[in-house]
Amino acid sequence: MGNKNSTITTNGHSSSVSTKNKYKKSLPSPLPATSGPAAITTNSTAVLPHSVRRILQNFLLIWLDANIDESKKDFKNSLKHLRHIVASITTFTDSQECVNVLSEIKKEKVFMIVSGSLGQYIVPEIHTLPQLDSIYVFCGNQLLHEEWAKTISKVKGVYTDIEPICKAIQIDRERCDQAMISISFRGIDPLFMYTQLFKEVLLEIDDDDTKSIKELVDYCRLQNDIAEDEIKKIEQEYHHHSPIWWYTTPYFIYSMLNRVYYNIGEYSKALSFYEQALDISKDTLPPNHPDLAACYNNIGLVYYNIGEYSKVLSLYEQALEIRQKSLSPNHPDLAASYNNIGNVYNNLGEYSKALSSHERALDLRQKTLRPNHPDMAASYNNIGNVYYNIGEYSKALSSHEQALDLRQKTHRPNHPDLADSYSNIGNVYYNMGEYSKALSSHERALEIKKKALPSNHPDLATSYNNIGQVYKNMGEYLTALSYVKRAFDIRRKNLPPNHPALAASYNSIGSVYCTMREYSKALSSHEQALDIATKVLPPNHPDLATSLKHVTA
């Protein structure tokens, strides 16, 4: 079956923001009016040149909804989710004022969240504006608005929850951020220049240099893109930590330097940035400082996402060694390290070591976390994956059902983590030969993912592939082939050319062709899978043996 869903523990790198409005212009063509003033929070009126203020991010998010109420819990919760990925959010309740602002924006790309009731009128009028990149319809009745929305290419989807909108924005931002500001520093990458200059300023502030700290704080306030509470944190607590702590800590400084690399899949640049942070940490911190462990963990996470698991293991083990020496025996970061190491061993096919690591992570979490904490579900999920890989399906099913039970108690009905649990349960049923149960579980996972994710998201490919494999074993070969090819198309568009998931897709397609007795097509697909597996997997990995068996059979 397709890839299981492991849960990796990372260091959070979120960016908090404020809202603002500085644009005013009349638009000649009328648009639907709404009552009340625009719900915009205005920050400091101090102005820097536009290109300087916007150097931190090259797109804006506009949110138009006549019913926005900043005092309501739902709005605050939505804003909290958006602040993890967006550096500027401007809200409107008035269509005309929104379009006035939109028409003034020239250099940035604009992402727009719009209510269904306003969107059906305003979107057909404005969707051709070149600065408007992507539109997300946020409504209470998805079916009501899907018909008109699908006729406009810039509409990325119709959503009833903020979290899938955030995921969609994050993916679209990856594409947008690749077109960073076009400034030439004699051929040097402008973003690299910016990070270097900012780093030098930050690291050269002396512990008693109150004037420099004030200048940094004043500069951050002028950006109008940084939350006041995080600026105050620097102002009030700078002396409590070292400069390198501020450089690598998960506050806006770290995230604004890093997010345009890791989140857009620019892994080589992300590695360069993380390795610079590691070099600085080694020069300025004691050898067993927890911040060094965070650096090793971050570098490991990048290698994990490009499938270089042997490098990942070494980095995660270095992080664990530091944490064992510097943290209390039951510290949550130790559990995170064991969890991550377990996932690497699982991907390397060393299942006994993977199980041992995940069980240690679970033991620590049971001692320190509440029973329904999401990390508990993650541990049960990952333990279930290992049992699945060693063929102990009853234990795998039990672990995955425990994870699902916890997630159902703590998550909304269409949360992506629930889809992961249903997928994993479906894989177990598949290998137990209970195909109707497997199909039901995988279809439930796909249903959730379709509501939560964009149509080309790699997680959808996993579900399509899994459903295809079930249909193959039920004897419905043409249906199976359509599903596994759909999975392959998504993966080919979104993953590096030698990613292990592509090898899995080639094998899936090959196995369907084989059952259809189209042996030349089957052989071609399996050979392509073997070519990828040989490049990215260790010689003793079970998936490599599987690919060899398909080719030589």
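Partners of Asp489 by side chain to side chain contact (heavy atoms under 4.5 Å, CB included), not counting sequence neighbours, listed by chain and number: Arg492. For Glu476, there are no salt bridge (charged side-chain N to carboxylate O under 4.0 Å, His left out) partners at least two apart in sequence or on another chain. Every residue was checked against the side chain to side chain donor-acceptor pair (under 3.5 Å) condition with Thr151, not counting sequence neighbours, and none meets it. Every salt bridge (charged side-chain N to carboxylate O under 4.0 Å, His left out) that Lys150 has, sequence neighbours left out, goes to Glu147. For Lys72, the salt bridge (charged side-chain N to carboxylate O under 4.0 Å, His left out) test picks out no residue, with sequence neighbours left out. With sequence neighbours left out, the side chain to side chain contact (heavy atoms under 4.5 Å, CB included) criterion links Lys76 to no other residue. Scanning for ring-ring contact (aromatic ring centres under 6.0 Å, His included) contacts around His411 gives His415, with sequence neighbours left out. Looking at residues two or more places apart in sequence or on another chain, you find no ring-ring contact (aromatic ring centres under 6.0 Å, His included) involving Tyr429. Legend: residues meeting side chain to side chain contact (heavy atoms under 4.5 Å, CB included) with Asp65, ordered by chain and number and at least two apart, are Trp63, Asn67, Ile68, Ser115. Take Leu143 and apply the side chain to side chain contact (heavy atoms under 4.5 Å, CB included) test, not counting sequence neighbours, and it matches Asn141, Glu146.
Between the side chain of Ser511 and the backbone N or O of Ser508 there is at least one donor-acceptor pair closer than 3.5 Å. Between the side chain of Lys109 and the main chain of Pro130, a donor-acceptor pair closer than 3.5 Å is present. With hydrogens and angles disregarded, a donor-acceptor distance shorter than 3.5 Å links the side chain of Lys449 to the backbone of Asp459.
Of all heavy-atom pairs between Tyr422 and Gln408, the closest is OH-NE2, 3.4 Å. For the pair Pro124 and Gly119, the tightest heavy-atom approach, listed with the atom from each and the gap, is CD-O, 3.6 Å. Heavy-atom minimum distance, Val470 versus Ala438: CG2-CB, 4.1 Å. Residue Ala503 comes nearest to Ala533 through the heavy atom pair CB-N, 4.4 Å, listed as atom of the first residue, atom of the second, then distance.
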Practice item. Show the numbers, then the answer: is there a salt bridge (charged side-chain N to carboxylate O under 4.0 Å, His left out) between Glu163 and Lys167? Key: CA-CA 6 Å; Glu163 289 188 32; Lys167 288 180 178 290; over 6 Å; no
Review point. Step by step, would you call Leu64 with Ile113 a side-chain contact (heavy atoms from CB on, under 4.5 Å)?
Key: CA-CA 6 Å; Leu64 171 63; Ile113 300 173; over 6 Å; no
Practice item. Apply the test side-chain hydrogen bond (donor to acceptor under 3.5 Å, both in side chains) to residues Tyr304 and Asn347: give CA-CA distance (whole Å), side-chain angles for both, the deciding distance (0.1 Å), then the verdict. Key: CA-CA 10 Å; Tyr304 186 92; Asn347 281 283; 3.1 Å; yes
Check your understanding: Can Asp420 and Asn381 be said to form a side-chain hydrogen bond (donor to acceptor under 3.5 Å, both in side chains), step by step?
Key -> CA-CA 9 Å; Asp420 289 346; Asn381 177 80; over 6 Å; no
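To the nearest 0.5 Å, atoms CG (Asp161) and NE2 (His81) are separated by 7.0 Å. Between Ser423 atom OG and His400 atom NE2 the span is 10.0 Å, to the nearest 0.5 Å.
Here side chain to side chain donor-acceptor pair (under 3.5 Å) pairs that include residues 516-525, with residues two or more places apart or in two chains, are Glu518-Lys521.
Asn465 and Gln469 share no side-chain donor-acceptor pair at under 3.5 Å. Counted by atom type alone, Asn385 and Asn346 present zero donor-acceptor pairs between their side chains at under 3.5 Å.
Checking Tyr393, Tyr435, Tyr388 one by one against Tyr430, the ring pair (Phe, Tyr, Trp, His ring centres under 6.0 Å) holds for a single residue, Tyr435.
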Would you list the atom pairs, donor with acceptor, under 3.5 Å between side chains in residues 479-488 and any protein atom, with sequence neighbours excluded?
{"from": "Ser482", "atom 1": "OG", "to": "Thr479", "atom 2": "O", "distance (Å)": "2.7"}
{"from": "Lys485", "atom 1": "NZ", "to": "Tyr513", "atom 2": "OH", "distance (Å)": "2.9"}
{"from": "Arg486", "atom 1": "NH2", "to": "Tyr464", "atom 2": "OH", "distance (Å)": "3.3"}

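Within a 6.0 Å radius of NZ in Lys472, other residues, nucleotides and ligands contribute more than 12 heavy atoms.
Thr462 is listed as a side-chain neighbour of Arg491, based on a closest heavy-atom distance under 4.5 Å.
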